[in-house]
Amino acid sequence: MNKVFPQGENDYAAAGPKAHPGGEAGCGPLCCSRRRACLSASLLFLLATLAALIALVTILGLPSRTPGAQACITLTNRTGFLCHDQRSCIPASGVCDGVRTCTHGEDKDESLCRDVPQSLPRFLVAHCGDPASWIYSDQKCDGTNNCGDCSDELSLVTVCPPCGPGWWHCPSTFFKYCDCIPRRLCRDHIQHCSDWSEEYACPGP
């Protein structure tokens, strides 16, 4: 049995919902306006984010393309700085000394040398008895009074090994040395130790 539609309703069923002018089917002008507003807001957000990133890069600068600093052991068994070729190990005191040693100059990189010693990796720095003083880590326990108060040679914190084979143990009278002097200074008829032991007991070089 055929269904009979009331007058007017049959026409609507046959034609389907009408599209509203200025928009998609089933969406009036208000709906379309909201969509345009959402798209505009999203675009403004993306532009604001891009502007913030550009400003951040401008202030902080581009990140360094060089890999982080790595420690190594030099041929003299001292703390060193590993160049980016992964083969060259230069002494810690060779970093930021004004002379380019690594092939690509990474030992003079601005990120390392802009605020020495704060900008240096910890493995390159040793602190003296005076908190305001510091030395390179390879200058610690090298027999020389680099700190000026011998804290890099005699401090309980430093714990340096005994004098090496090329040194003579004695209380030095020279500011440059602490409790060891080079054996080449022995028997030169000049006092280098307060007890003169380098003149009568040291066998020489």
Side-chain angles (χ1 to χ4, degrees), residues 49-50 52-185 192-194 205:
T49 303
L50 181 60
L53 289 174
I54 293 174
L56 187 64
V57 169
T58 302
I59 295 172
L60 301 179
L62 292 172
S64 176
R65 297 181 181 178
T66 58
Q70 298 182 52
C72 58
I73 302 299
T74 64
L75 295 176
T76 57
N77 201 31
R78 295 280 175 179
T79 302
F81 175 86
L82 185 64
C83 298
H84 291 169
D85 61 10
Q86 299 295 306
R87 295 189 305 272
S88 305
C89 182
I90 67 172
S93 53
V95 177
C96 301
D97 64 349
V99 180
R100 175 175 168 173
T101 309
C102 291
T103 303
H104 301 290
E106 53 269 26
D107 55 316
K108 306 298 176 290
D109 190 88
E110 183 181 356
S111 62
L112 283 177
C113 307
R114 66 173 179 268
D115 187 23
V116 174
Q118 285 77 13
S119 57
L120 292 173
R122 291 185 178 180
F123 68 84
L124 292 177
V125 179
H127 295 282
C128 299
D130 179 1
S133 301
W134 68 279
I135 59 174
Y136 284 98
S137 53
D138 65 330
Q139 296 174 322
K140 182 175 65 175
C141 298
D142 65 350
T144 304
N145 183 15
N146 295 294
C147 281
D149 59 0
C150 283
S151 59
D152 55 314
E153 302 296 323
L154 303 177
S155 169
L156 295 176
V157 178
T158 304
V159 190
C160 294
C163 301
W167 297 78
W168 174 253
H169 178 72
C170 74
S172 175
T173 59
F174 276 67
F175 179 80
K176 183 178 180 180
Y177 306 110
C178 297
D179 63 344
C180 300
I181 66 168
R183 284 181 178 268
R184 58 181 170 77
L185 299 179
H192 300 285
C193 301
S194 59

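All of these numbers come straight from a predicted model, not from anything done at the bench. Every heavy atom of this structure was used, including side-chain atoms; hydrogens, water molecules and symmetry mates were not.
Applying the ring pair (Phe, Tyr, Trp, His ring centres under 6.0 Å) test to Phe123 and every residue at least two apart in sequence or in another chain returns nothing. Evaluation of the side chain to side chain donor-acceptor pair (under 3.5 Å) rule for Ser93 yields Asp138 as partners, not counting sequence neighbours. Contacts of His192 classified as ring pair (Phe, Tyr, Trp, His ring centres under 6.0 Å), with partners at least two apart in sequence or in another chain: Phe174. For the salt bridge (charged side-chain N to carboxylate O under 4.0 Å, His left out) test, no residue two or more places apart in sequence or in another chain qualifies with Asp149. A search for side chain to side chain donor-acceptor pair (under 3.5 Å) contacts involving Thr76 returns Thr74, not counting sequence neighbours.
Rounded to the nearest 0.5 Å, atoms SG (Cys72) and CZ (Arg87) are 13.0 Å apart. Taking CD from Glu106 and CG from Leu82, the interatomic distance works out to 8.5 Å, rounded to the nearest 0.5 Å. The CG atom of Asp152 lies 6.0 Å from the SG atom of Cys178; values are rounded to the nearest 0.5 Å. Atom CG in Asp97 sits 4.0 Å away from atom NZ in Lys108 (nearest 0.5 Å). Taking CD1 from Ile90 and CZ from Arg78, the interatomic distance works out to 16.0 Å, rounded to the nearest 0.5 Å. In this structure, Asp179 CG and Ser172 OG are separated by 9.0 Å, a value rounded to the nearest 0.5 Å.
Contact of the Trp168 side chain with the Leu185 side chain is not registered, since no non-hydrogen atoms from C-beta on lie closer than 4.5 Å.
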Evaluation steps, side-chain contact (heavy atoms from CB on, under 4.5 Å), between Cys96 and Phe81: CA-CA 11 Å; Cys96 301; Phe81 175 86; over 6 Å; no
Verdict with reasoning, Thr144 to Asn146, per side chain to side chain donor-acceptor pair (under 3.5 Å): CA-CA 6 Å; Thr144 304; Asn146 295 294; 5.0 Å; no
From CA spacing to verdict: disulfide (SG to SG under 2.5 Å), Cys83, Cys89: CA-CA 6 Å; Cys83 298; Cys89 182; over 6 Å; no
Verdict with supporting geometry, Ile135 and Cys147, side-chain contact (heavy atoms from CB on, under 4.5 Å): CA-CA 7 Å; Ile135 59 174; Cys147 281; 3.9 Å; yes
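Smallest separation of non-hydrogen atoms from Glu153 and Cys141: OE2-N, 3.2 Å. Heavy-atom minimum distance, Cys193 versus Ile181: SG-CD1, 3.7 Å. Across every non-hydrogen atom of Trp167 and Pro182, the tightest pair is CE3-N, 3.4 Å.
Considering Thr101, Leu120, Asp109 as possible partners of Val95, the one that fulfils the side-chain contact (heavy atoms from CB on, under 4.5 Å) test is Leu120.
Sorted by first then second residue, the side-chain hydrogen bond (donor to acceptor under 3.5 Å, both in side chains) pairs that include residues 115-125, not counting sequence neighbours, number zero.
Open room surrounds CG on Asn77; 12 or fewer heavy atoms of other groups in view lie less than 6.0 Å from it.
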